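Quick caveat: nothing in here was measured; it's all calculated off a predicted structure. Letters go in sequence order (proteins before strands), and every chain restarts at 1.
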Protein chains: 2
Amino acid sequence: MQHTGVAPRTDTRSRVQKVALELFAEQGYEKTSLREIAERLGVTKAALYYHFRSKEDIVHSFTDDHYARLDGLIDWAKTQPPGEQTRHEMLTRYVGIVFGGVEVFRFIEQNRAAMQTLESKGDRMARFRSRLDTMVDLLTGPDAPLRTRVRAAAALISVSATCMVVWDSVHDPAELQAIALELATDITD
Amino acid sequence: MQHTGVAPRTDTRSRVQKVALELFAEQGYEKTSLREIAERLGVTKAALYYHFRSKEDIVHSFTDDHYARLDGLIDWAKTQPPGEQTRHEMLTRYVGIVFGGVEVFRFIEQNRAAMQTLESKGDRMARFRSRLDTMVDLLTGPDAPLRTRVRAAAALISVSATCMVVWDSVHDPAELQAIALELATDITD
DNA sequence: GTCTATAGACGGATAGAC
DNA sequence: GTCTATCCGTCTATAGAC
């Protein structure tokens, strides 16, 4: 291990992220106070404000990565020719993204309402919903009938929603991932 | 229309329910204050406390009905012989329940985290999650493999989750209901 | 049934010492 | 980087007049 610039004295920042993500997903974003997060870590509220500008900033620190991944997938899909193979490849990558960040997706699913008001404040407008719509368009084409569009949306949603529900009772994530992909593929056909 | 006991002077109680359900679903349960609800109705906070014991009580006033419906479905399913026909009938009734109370289900989906902490407080333990598990058991039988169980859960979840997403852009609810039922049936087969 | 007024608690955020 | 102390806002809920 080499020095990469100045090493942080402690890893408080990442510990905050971990605890916050846990508590936000468990109890909800609004209900979890900074005092509670600080107490769990054995520090004070003020210490958190050294690492993050605000409570919202903590959320962005772990959602931005995953939104970027979704954007990457969308950009890639736009360059591909429409067709069954592209659809399947999209779903494969999407499932990979979800399973690569289950904790974050769980947090989002558990705090839909809070996320909406959070996202509508920023200039960037990092809308979860608009990305979903875009992906549905890419999966179906712009003028697809309602039935096709609904099924595409269901394929995407069921990946994250379903694995949230059964996640705790599963020993082998890889098996679940395979099941989710098969399911999503079936739905869109 | 006949008299049913003492007629209320005003319909404030039901107007509170309607506005609260709207705001809770839009902005989230925690973020919506009683002051805001009261303002929209042109009354004061204190007036709300004449009709409801607490903020939580407002929620229970419109979720209890729908939990009772789910319990009814579960009780009925327990008396039926396992098989494809029972499965299909279960899904049909479930879809009916969801579409019969879309606003309530939307509220639940949007406030998963808040609902969990709300429900775990009461003695009744009106758990959304445990009902889902029970329904999955009834759909699959108790010892079904993971793949079967995941797909049953997905069938149930995709009904509510999906129609939340596309609801606003749909003119004909009946058409959507048919699509949802077809989808749920496909998934479990 | 609805009001005014207020209690009592807790939230996010900041200032400044060390 | 972390602390103590504090500001100021908002919230749920209640008491008591009308």
Side-chain angles (χ1 to χ4, degrees), chain A residues 3-21 23-24 26-63 107 111 113-115 117-122, chain B residues 3-24 26-63 111 113-115 117-122:
Chain A
H3 269 253
T4 57
V6 178
R9 296 235 196 115
T10 68
D11 59 340
T12 302
R13 193 189 147 90
S14 57
R15 288 171 64 225
V16 171
Q17 288 177 315
K18 202 186 162 204
V19 169
L21 187 51
L23 291 178
F24 288 165
E26 237 173 74
Q27 318 176 333
Y29 171 74
E30 317 272 4
K31 192 139 197 191
T32 304
S33 65
L34 296 180
R35 181 189 52 73
E36 196 176 357
I37 296 171
E39 259 174 21
R40 270 234 193 162
L41 292 168
V43 297
T44 62
K45 258 195 304 179
L48 304 187
Y49 279 95
Y50 175 80
H51 297 280
F52 301 93
R53 274 183 222 162
S54 65
K55 193 183 179 186
E56 295 192 12
D57 196 42
I58 301 179
V59 172
H60 290 307
S61 79
F62 50 67
T63 53
F107 158 74
N111 293 278
M115 285 305 283
T117 60
L118 229 81
E119 289 175 343
S120 61
K121 276 202 265 183
Chain B
H3 267 255
T4 57
V6 178
R9 294 234 197 115
T10 69
D11 58 341
T12 303
R13 193 188 147 92
S14 57
R15 288 171 65 224
V16 171
Q17 288 177 316
K18 201 187 163 204
V19 169
L21 187 52
E22 252 175 53
L23 291 178
F24 288 165
E26 236 174 75
Q27 317 176 333
Y29 171 74
E30 318 271 3
K31 195 140 197 193
T32 305
S33 66
L34 296 181
R35 180 189 52 73
E36 198 176 355
I37 296 172
E39 259 174 21
R40 271 234 192 162
L41 292 167
V43 297
T44 62
K45 260 195 303 177
L48 304 187
Y49 278 96
Y50 174 81
H51 297 280
F52 301 94
R53 276 184 221 161
S54 66
K55 192 182 179 185
E56 294 191 12
D57 195 42
I58 301 179
V59 172
H60 289 307
S61 78
F62 50 67
T63 53
N111 294 277
M115 285 305 282
T117 60
L118 228 80
E119 288 175 344
S120 61
K121 274 202 265 182

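- One interatomic measurement links the two molecules: NE2 of A/His51 to P of C/dA13, which rounds to 16 Å at whole-angstrom precision.
- Among the nucleotides D/dT2, C/dT2, C/dG12, the one closest to the side chain of A/Thr12 is D/dT2.
- Which of D/dG1, D/dT12, D/dC3 sits closest to the side chain of A/Val43 comes down to D/dC3.
- Relative to the side chain of A/Ser33, the nucleotides D/dA13, D/dG1, C/dG12 differ in distance, and C/dG12 lies closest.
- If you check C/dA15, D/dA13, C/dC3 against the side chain of A/Ala46, the one that comes closest is C/dA15.
- When the nucleotides C/dG11, D/dG1, C/dG1 are ranked by their closest atom to the side chain of A/Tyr50, D/dG1 comes out on top.
- Which of D/dT2, C/dA13, C/dG11 sits closest to the side chain of A/Arg35 comes down to C/dG11.
- Between B/Phe62 and B/Phe24, the two ring planes are tilted [angle within 30° to 60°].
- Remark: A/Lys55 is positioned above the aromatic ring of A/Tyr29, its terminal NZ or CZ atom under 6.0 angstrom from the ring centre and at most 45 degrees off the axis.
- What separates OH of A/Tyr49 from P of C/dG12 is a distance of 6 Å, to the nearest Å.
- Look at NZ on B/Lys55: it is 15 Å from P on D/dT10, rounded to the nearest Å.
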**Q.** Evaluation steps, side-chain hydrogen bond (donor to acceptor under 3.5 Å, both in side chains), between A/Thr32 and A/Gln27
**A.** CA-CA 6 Å; A/Thr32 304; A/Gln27 318 176 333; 3.2 Å; yes
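- At whole-Å resolution of the value, CZ in A/Phe52 and P in C/dT14 are 15 Å apart.
- Listed nucleotides: C/dA13, D/dT2, D/dT12. Nearest to the side chain of B/Lys45: D/dT12.
- Comment: B/Glu36 does not engage B/Arg40 in a salt bridge, judged by the lack of any side-chain N to carboxylate O separation of less than 4.0 angstrom.
- At a threshold of 4.0 angstrom between heavy atoms, the contacts of B/Thr44 include nucleobase atoms, whether or not backbone atoms are also involved.
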